[in-house]
*Asks:* 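The structure's right below; bear with me while I get my questions together.
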Protein chains: 2
Amino acid sequence: MAKNVSQSVIKRLPRYYRFLIDFEKNGISRISSGGLAEKMGLTASQIRQDLNCFGGFGQQGYGYNVPELSREIAEILGINRRVGAIILGAGNLGRAISTHMSFEKLGFNLIGIFEKKEAIVGQMVNGLPVRSISGLDEFCRSYKPQVAVLCIPQDEAEKAITQLLKLGIKGFWNFSHYDFNEKFPDVPVENVHLSDSLMTFCYKIKEYGENNK
Amino acid sequence: MAKNVSQSVIKRLPRYYRFLIDFEKNGISRISSGGLAEKMGLTASQIRQDLNCFGGFGQQGYGYNVPELSREIAEILGINRRVGAIILGAGNLGRAISTHMSFEKLGFNLIGIFEKKEAIVGQMVNGLPVRSISGLDEFCRSYKPQVAVLCIPQDEAEKAITQLLKLGIKGFWNFSHYDFNEKFPDVPVENVHLSDSLMTFCYKIKEYGENNK
DNA sequence: AAAAAATTGTCAAATTTTTATCAATAAATT
DNA sequence: AATTTATTGATAAAAATTTGACAATTTTTT
């Protein structure tokens, strides 16, 4: 089905999906590549070519059917599944992620939150009890989560990743500063390096300031 | 000084910086493009070309001096400044960002946190009092923050952005689902679309699963 | 001090990504 | 029912990005 799909295309899919869901909510049932391009600040050509990696979802003279296209993209991304997920680290960030993210709408099923600091263990977060990291092995053997969200400090990451891989974890949504590349180059990981983003923001602000003196 | 620097290069700079700071911490004072490439999973050629956009920081036969190079990149990114920043939204995410991020090490000075829900107003977060959104105008006129971190719901974003722009805010670190493109195409914004990232992660897991049956 | 090894910065080639073009076809209009 | 308009999917062209190659130069070794 899918042609040779580049990472650039994949990275754009969630944004397409976001816009399409928004259209659906607003009762817009039809959109042309040109119309979408204008809203998104892209070229119509790029949108058509992106979508065509996965199939001809449009119709000449008409455009794209919004609900149909959003369904197709959801299918491509795989967000209609329920992949078991656990969070490691119930600090500020871990708790915020667990309450803030709609895991269930985005392909996952959050089934456990683990924390090293015993003081936090037992607290309820988003309807789930914070569990002691000491029970991680047993929990994983029982409930077989497939992915882990890393909200732990950088220096605890390597040990945790090694342990989790042994327990059958297949991928990581990584909020830690740890870089998988060196030791785990082939493990599926999606990084959210907030510090990198903040630095990029810093550069943008500086650049904007310099160009608008 | 800087040649025509592409966005691709800029996006890689924070990661270079992260690795260099790590080297410094570990007492590594010298690194070649080849050595760095191996650690980072890039090509030596790319690293040399990236750095050369900003100047010849290396030395033939020797490589790059780690502290010097990290200083240079910090300078390029502008993280040695202290740009005044406020956070809008003291929900789970806003509070997590304010406590979790080292704003001071990354070019910013967090001076205020604002929240609509009066129940939260007055709480202390990371040494700062959560202020009522009703005092935003006055605060901005007094303290002149230059950037805002948006941790508010999508449907409150547009109004807030309009207000903040009038108050002199120059850029946004945007955690909301709101997309600036349509209404504010020229405003400096760095998006952290966590949902997009989670969807991308979902795709990666699915793809990995399909290739490793 | 000379020779060998290491490594950069630059230029050119290769590859990837984006954009433009256009025939084909469906929808809308007359 | 015929004509015009809109719009896709595909192909080709253009632009951007990445990689390879190598002279120049410094460091290290002998």
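Both backbone and side-chain heavy atoms feed into the values below; hydrogens, waters and symmetry mates do not. Every chain is numbered from 1 and lettered A, B, ... according to where its sequence line falls, protein lines coming before strand lines.
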*Asks:* What I want to find out is whether R15(A) reaches D179(B) closely enough, with some N-O distance under 4.0 Å, to be called a salt bridge.
*Replies:*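 Looking at D179(B) together with R15(A), the answer is yes, because their closest N to O distance falls below 4.0 Å.
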*Asks:* With sequence neighbours left out, what residues match K116(A) under side chain to side chain contact (heavy atoms under 4.5 Å, CB included)?
*Replies:*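 In terms of side chain to side chain contact (heavy atoms under 4.5 Å, CB included), with neighbours along the sequence ignored, K116(A) is linked to I133(A), E156(A).
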*Asks:* Whole angstrom is fine here: how far is it from CD1 in I31(B) over to C1' in dA6(C)?
*Replies:*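 Going from CD1 in I31(B) over to C1' in dA6(C) covers 14 Å.
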*Asks:* Where does the angle between the aromatic ring planes of W173(B) and F175(B) fall among parallel (under 30°), tilted (30 to 60°) and perpendicular (over 60°)?
*Replies:*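 Perpendicular: the ring planes of W173(B) and F175(B) meet at over 60°.
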*Asks:* List the steps and the verdict of side-chain contact (heavy atoms from CB on, under 4.5 Å) for S195(A) and H177(A).
*Replies:* CA-CA 8 Å; S195(A) 296; H177(A) 287 187; 3.1 Å; yes
*Asks:* Any chance you could measure I79(A), atom CD1, to E75(A), atom CD, to the nearest 0.5 Å?
*Replies:*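 Between I79(A) CD1 and E75(A) CD, I get 9.5 Å after rounding to 0.5 Å.
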*Asks:* Rounded to the nearest 0.5 Å, what separates atom CG in D186(A) from atom OH in Y208(B)?
*Replies:*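 Taking CG in D186(A) and OH in Y208(B), the distance rounds to 7.5 Å.
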*Asks:* Polar atom pairs between nucleotides 28-30 of chain C and protein, under 3.5 Å, N or O only, would you list them?
*Replies:*
unit_1: dA28(C); atom_1: OP1; unit_2: R30(A); atom_2: NH1; d: 3.2

*Asks:* Nearest heavy-atom pair of G89(A) and I87(A): which atoms, and what distance?
*Replies:*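 Closest approach of G89(A) to I87(A): O-CG2, 3.6 Å.
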*Asks:* Just N and O in the side chain of N52(A): are any of them under 4.0 Å from OP1 or OP2 of dT8(D)?
*Replies:*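 No, outside the criterion.
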*Asks:* At under 4.0 Å, does any side-chain N or O of S33(B) touch on OP1 or OP2 of dT7(C)?
*Replies:*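 Checking S33(B) against dT7(C): no side-chain N or O falls below 4.0 Å of OP1 or OP2.
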*Asks:* Distance check needed: dT7(C) C1' versus L36(B) CG, whole Å only.
*Replies:*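 Going from L36(B) (CG) to dT7(C) (C1'), I get 14 Å.
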*Asks:* If you take the centroid of each ring, where Trp contributes its six-membered ring, are F184(B) and F172(B) closer together than 6.0 Å?
*Replies:*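 That pair fails the under 6.0 Å test.
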*Asks:* I need the CE-P distance between M40(B) and dT18(D), as an integer number of Å.
*Replies:*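 So the two atoms are 13 Å apart, to the nearest Å.
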*Asks:* What does nucleotides 14-23 of chain C look like as a protein-contact string, B for base, S for sugar-phosphate only, - for none, at under 4.0 angstrom between heavy atoms?
*Replies:* ---SBBBB--
*Asks:* How many Å lie between CG on L51(A) and P on dA10(D), as a whole number?
*Replies:*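 Distance check: L51(A) CG to dA10(D) P gives 12 Å.
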*Asks:* Could you state the CG-C1' distance from N65(A) to dA26(C), rounded to the nearest angstrom?
*Replies:*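 That distance rounds to 15 Å.
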